[in-house]
Amino acid sequence: MLPLDFEVCRKARLSRDPRFDGTFFTAVKTTGIFCRSICPATPPKEINVTYFTTATEAASAGYRPCLRCRPDSAPGSPAWKGVNTTLERAIALINDGALQQHSLTELSERLGVSERYVRKLFNTHLGTSPKTYALYQQCLFAKQLLHQTQLPITEIALASGFNSVRRFNDCFKKQMQLTPSAIRRSAKNMSVNNGALHTLQLQLHYRPPYHWQHMQRFLRARAIPQLEWCTDNSYGRTFEWPSSYDSGSYGYFTAYHVADKHCFTVDISVNEVTHLKSIVNNIRRILDLDADTRRIENDLRAALFTEEKNIKKNTNKNTNERNITTAITLLEAGLRLPGIWSVYEAGIRAILGQQVSVTAAHRLVGTLVEVLGSGIDTEVDPGDENTSIKRLFPTPASLANNEIDFFKMPASRKQTLRNLSQHYLSQEGLTQRCVNLLQNDQPDDWQSLKGIGPWTINYAKLRGQSNPDIFLGGDLGIKKALELFDKPLATDNASPWRSYLTMHLWNMLY
DNA sequence: ACGACAGACTT
DNA sequence: AAGTACATGAAG
């Protein structure tokens with residue numbers, strides 16, 4: 001690291017030059033706070049300023065990290081991105097329907113900022129109000145449904161988050177310059193409404209490359225009979241939304257990979273369409289369609305590159321092929337994070353995976369689903385090739401006070417299953433209020449529950465929330481994979497993509 | 001903090 | 001002739 005040039009630093013911070021972001025930190029004597037070079041705050045006087053190369057140094061010198069530019073967190077992490085993150089979180093919540101039944105005030109409370117500020121963010125970055133943006137998104141989704149399905153327009157209005165058709169028609173015309181039916185007329189499609197369940201087909205696109213083979217292998221190895229089904233080109237499963245409260249919707253989907261079109265064709269069957277948008281969002285999450293894998297792999301390559309150079313020097317001397325693995329060959333293009341439908345399910349599956357092999361865990365989950373999962377009636381669905389029984393994942397209520405005498409397992413671990421389930425039951429009030437599973441289901445809240453350790457929590461975060469920055473260092477498979485390297489990998493450098501590193505490492509074991 | 005106003009929403 | 005599906009104005 002080069003010694004800091006005060007003059008360069010001064011110019012960089014005064015111009016808030018993003019190219020210097022992360023290369024040095026500005027500490028201010030008068031306030032006791034240190035900032036990144038790009039901090040939007042009014043620049044302090046040069047007399048009061050001390051420069052540091054790293055955030056840690058500044059912190060140990062007694063300064064506290066600035067709350068606006070967040071110099072304490074790693075580059076690229078959610079907090080590091082600061083302002084952008086608040087906006088991104090807001091956008092994510094709105095895309096999930098946060099403004100359909102709740103007010104902007106409630107949304108801003110969830111984000112931990114003032115309503116005024118959210119408005120301002122939207123105005124400067126997107127040029128519209130949060131509500132207008134939300135409506136636009138709703139209309140976009142409606143447009144997709146009009147194009148690709150045959151649902152009645154009333155149902156589409158409902159599915160897109162409108163509570164009256166009148167309002168939907170009006171808003172749609174304003175946003176899209178066309179009436180809903182005008183779009184419908186130009187559509188050809190194959191969807192049916194067979195009475196008990198709505199069935200529709202959607203195309204869900206992703207950004208290539210997509211390493212389907214890896215995703216397929218991973219999901220197939222863990223697929224639970226009656227809950228999930230997996231073929232060479234498809235994955236499907238049952239679902240519930242929101243899981244286990246009244247007025248929830250349920251159904252199942254099958255996603256077929258269409259490589260040459262960079263998309264999945266997804267057949268969805270659902271009892272009512274009210275939460276369709278959230279369901280589609282969750283399918284996108286499970287298949288990890290929104291990941292920018294090029295960016296992720298570039299970042300990982302950069303983070304692990306130093307390591308790679310060190311290894312390469314020894315390559316010639318080493319005759320064992322498995323031992324000359326380099327960080328570069330570790331990365332396979334388009335690798336994604338296979339998700340689990342809900343955080344709760346991920347937690348239960350993680351507990352059942354404690355201390356046993358993947359196959360043993362698989363059998364336990366299978367039994368659990370078979371005994372406690374309620375079945376979905378698929379008789380009315382003659383066109384469906386999957387005519388076998390389908391079951392939902394057991395609800396917290398069905399497990400909370402269950403003796404679980406249908407399989408052999410240490411009593412303490414059975415108690416852990418009950419602990420987690422009871423935790424969910426006691427939270428019902430909270431989850432009722434905020435429908436979104438992703439945002440309010442925090443595995444960190446499980447810490448006080450007996451029998452739940454860091455591995456379980458991290459596993460649930462990785463697979464249930466698709467948190468991109470979880471490194472499962474304690475996992476047996478990961479340990480095995482790490483042994484294939486001559487020198488230890490600098491896994492911390494992989495932030496904020498440590499989950500992807502974890503997946504890449506697991507993938508090596510095949 | 002407050003009121004006027006625009007726009008969101010339902011019937 | 002009655003019923004269905006969608007669009008739209010008026011009022012609050």
Side-chain angles (χ1 to χ4, degrees), chain A residues 86-87 89-202 242 246-247 249 268-278 280-281 380 432-436 439:
Chain A
T86 312
L87 183 64
R89 283 175 66 210
I91 289 174
L93 285 170
I94 287 176
N95 288 344
D96 232 35
L99 287 185
Q100 283 168 24
Q101 279 148 332
H102 305 276
S103 65
L104 179 61
T105 318
E106 286 170 88
L107 175 66
S108 37
E109 272 167 20
R110 283 170 78 180
L111 292 168
V113 296
S114 72
E115 182 186 327
R116 179 72 204 267
Y117 183 54
V118 179
R119 247 204 199 89
K120 190 182 156 82
L121 279 180
F122 272 79
N123 245 318
T124 52
H125 293 270
L126 303 177
T128 37
S129 70
K131 188 62 198 179
T132 311
Y133 172 80
L135 286 172
Y136 181 65
Q137 293 303 318
Q138 288 174 239
C139 287
L140 273 187
F141 185 63
K143 187 161 165 280
Q144 187 186 9
L145 293 180
L146 285 166
H147 274 304
Q148 299 184 1
T149 79
Q150 219 169 41
L151 292 173
I153 294 193
T154 317
E155 294 287 330
I156 292 181
L158 211 69
S160 319
F162 293 91
N163 293 315
S164 76
V165 193
R166 175 69 186 82
R167 180 80 190 104
F168 167 65
N169 288 327
D170 204 31
C171 185
F172 193 89
K173 203 160 81 178
K174 278 196 180 112
Q175 301 272 2
M176 306 282 157
Q177 337 274 315
L178 282 171
T179 59
S181 64
I183 287 188
R184 162 123 307 165
R185 263 171 233 134
S186 59
K188 52 176 192 291
N189 55 69
M190 318 152 49
S191 303
V192 199
N193 179 358
N194 63 22
L197 292 179
H198 299 277
T199 74
L200 51 134
Q201 189 178 66
L202 293 177
D246 337 288
S247 81
S249 32
I268 305 175
S269 299
V270 65
N271 67 327
E272 46 119 12
V273 293
T274 326
H275 300 111
L276 190 57
K277 186 69 201 299
S278 303
V280 171
N281 282 345
V380 284
Q432 200 90 42
R433 184 163 49 83
C434 316
V435 185
N436 191 304
Q439 298 292 323

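Lettering follows sequence order; numbering is per chain, from 1.
For A:Phe172 against A:Ala142, the heavy-atom pair with the smallest separation is CE1-CB, 4.2 Å.
Proximity of A:Cys139 to A:Ser160: side-chain heavy atoms (C-beta onward) are nowhere separated by under 4.5 Å. For the pair A:Lys143 and A:Ile183, the minimum side-chain heavy-atom distance is below 4.5 Å. For the pair A:Leu158/A:Val165, no side-chain contact is recorded, criterion being any heavy-atom separation below 4.5 Å from C-beta on. When side chains are defined from C-beta on, A:Ile156 does not count as touching A:Phe162, because their heavy atoms never get closer than 4.5 Å. In this structure the side chain of A:Leu104 reaches within 4.5 angstrom of the side chain of A:Arg119, judged on heavy atoms. In this structure, the side chains of A:Leu146 and A:Leu151 stay at 4.5 Å or more apart for every pair of heavy atoms. Residues A:Pro180 and A:Asn169 are in side-chain contact: their nearest non-hydrogen atoms beyond the backbone lie under 4.5 Å apart.
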Within the sub-3.5 Å range, which N or O atoms of nucleotides 8-12 of chain C have a protein N or O partner, and how far apart are they?
residue : atom : partner  : partner atom : Å
C:dT8   : OP1  : A:Lys173 : NZ           : 2.9
C:dT8   : OP2  : A:Lys173 : NZ           : 2.5
C:dG9   : N7   : A:Arg166 : NE           : 3.1
C:dG9   : N7   : A:Arg166 : NH2          : 2.8
C:dG9   : O6   : A:Arg166 : NE           : 2.6

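Read 5' to 3', the first and last nucleotides of DNA chain B with an atom closer than 4.0 Å to a heavy atom of chain A are B:dA8 to B:dT11.
At the phosphate of C:dA5, neither OP1 nor OP2 sits under 4.0 Å from any side-chain N or O atom of A:Thr154.
The partner of C:dA7 cannot be assigned: no Watson-Crick or G-U wobble pair with both contacts below 3.5 Å exists in any strand.
A distance-only check finds a donor-acceptor pair linking the side chain of A:Lys277 to the backbone of A:Asn95 [under 3.5 Å]. The backbone N or O of A:Thr128 sits nowhere less than 3.5 Å from a side-chain atom of A:Thr132 that would complete a donor-acceptor pair.
Rounded to whole Å, atom P of C:dC6 lies 10 Å from atom CD of A:Glu155. Distance A:Leu151 CG to C:dA5 C1': 15 Å, rounded to the nearest Å.
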Both distances under 3.5 Å, Watson-Crick or G-U wobble: on that basis, could you give the dot-bracket string for DNA chain B, with [ ] for crossing pairs and | for other-strand partners?
........|||

